[in-house]
Amino acid sequence: QLQLVESGGGLVQPGESLRLSCAVSGFTWDYYPIGWFRQAPGKEREGVSCITRGGGSTNYADSMKGRFTISRDKFKNTVYLRMNSLKPEDTAVYYCAAATVRRSCSGNLDEYDYWGQGTQVTVSS
């Protein structure tokens, strides 16, 4: 069974940076995309970024473009999310997920069929 485990969350002050990790195991990561999503209290889950095994990537929110960067290490089967210049409004539970039915990135969470349990990111002074 495909498994995804997030790590790297924590408490940081505004303006600081974090790097989240998503370890993929169980099945070999072939061509399906891996995405990052986040959900703040009282809000719907939203897409953050996505990357394919070939390295193609995209971000889905204008508020995060230029601050968040997704990357991969194919030898470790790990996807990263580098978060710079963090703001209080970035506070949320961050999830990674796999869309095994696709080969290209999608921001539609309904197309992702495997999810991690999430890691909490809190940005507060």
Side-chain angles (χ1 to χ4, degrees):
Q1 182 177 359
L2 182 65
Q3 296 176 327
L4 304 99
V5 180
E6 305 94 335
S7 62
L11 174 64
V12 297
Q13 296 187 359
E16 295 183 342
S17 299
L18 279 176
R19 189 184 72 167
L20 306 182
S21 299
C22 175
V24 182
S25 63
F27 294 158
T28 301
W29 183 19
D30 289 324
Y31 301 101
Y32 51 84
I34 303 293
W36 283 99
F37 298 81
R38 71 182 185 183
Q39 187 167 22
K43 296 184 178 180
E44 295 184 352
R45 192 170 300 183
E46 65 175 341
V48 174
S49 190
C50 177
I51 193 168
T52 67
R53 187 172 184 264
S57 64
T58 187
N59 294 327
Y60 295 104
D62 291 336
S63 64
M64 289 173 274
K65 292 178 180 178
R67 297 191 298 120
F68 292 5
T69 303
I70 192 169
S71 61
R72 65 178 178 89
D73 185 336
K74 66 179 181 179
F75 299 107
K76 298 174 63 176
N77 284 337
T78 301
V79 175
Y80 303 97
L81 183 68
R82 179 70 178 185
M83 310 163 67
N84 293 329
S85 301
L86 284 165
K87 305 174 181 179
E89 50 263 44
D90 295 319
T91 296
V93 177
Y94 285 73
Y95 301 88
C96 64
T100 62
V101 300
R102 296 187 57 88
R103 293 189 63 178
S104 59
C105 279
S106 172
N108 184 1
L109 60 86
D110 291 334
E111 295 184 286
Y112 290 79
D113 49 349
Y114 290 88
W115 292 80
Q117 73 272 32
T119 184
Q120 177 71 48
V121 173
T122 302
V123 185
S124 180
S125 59

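Just so it is clear, the model here is predicted, and its values are computed rather than measured.
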Could you tell me the separation between the [atom1] atom of [X] and the [atom2] atom of [Y], rounded to the nearest 0.5 Å?
X     : Y     : atom1 : atom2 : result
Asn77 : Arg72 : CG    : CZ    : 10.5 Å
Cys50 : Ile70 : SG    : CD1   : 6.5 Å
Tyr60 : Ser49 : OH    : OG    : 7.5 Å
Ile34 : Leu81 : CD1   : CG    : 13.0 Å
Ser25 : Gln1  : OG    : CD    : 10.0 Å
Met64 : Trp36 : CE    : CH2   : 13.0 Å

Closest heavy-atom contact between [X] and [Y]?
X      : Y      : result
Trp115 : Leu109 : CZ2-O, 3.7 Å
Leu4   : Tyr114 : CD1-CB, 3.6 Å
Cys105 : Thr58  : CB-CG2, 3.9 Å
Glu6   : Tyr95  : OE2-CA, 3.3 Å
Ala97  : Phe37  : CB-CE1, 4.2 Å
Gln120 : Thr91  : NE2-CG2, 4.0 Å

Examine Val79 and Val121 and state if one hydrophobic cluster contains both, with Ile, Leu, Val, Met, Phe, Trp and Tyr joined whenever side-chain heavy atoms are less than 4.5 Å apart.
-> yes
Among the clusters formed by ILVMFWY side chains lying less than 4.5 Å apart, do Val48 and Tyr32 turn up in the same one?
->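 Yes, it is one cluster - the side chains of Val48 and Tyr32 are joined through contacts under 4.5 Å.
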Residue of the set Val93, Leu20, Asp90 for which side-chain contact (heavy atoms from CB on, under 4.5 Å) holds with Arg38 | Asp90
Does Asp113 reach the main-chain N or O of Thr100 with its side chain, forming a donor-acceptor pair under 3.5 Å?
-> yes
Decide if atom CD of Gln117 counts as having more than 12 heavy atoms of other residues, nucleotides or ligands within a radius under 6.0 Å.
-> yes
How about Leu18 and Tyr94: do any of their side-chain heavy atoms sit closer than 4.5 Å?
->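 Side-chain contact under 4.5 Å: no.
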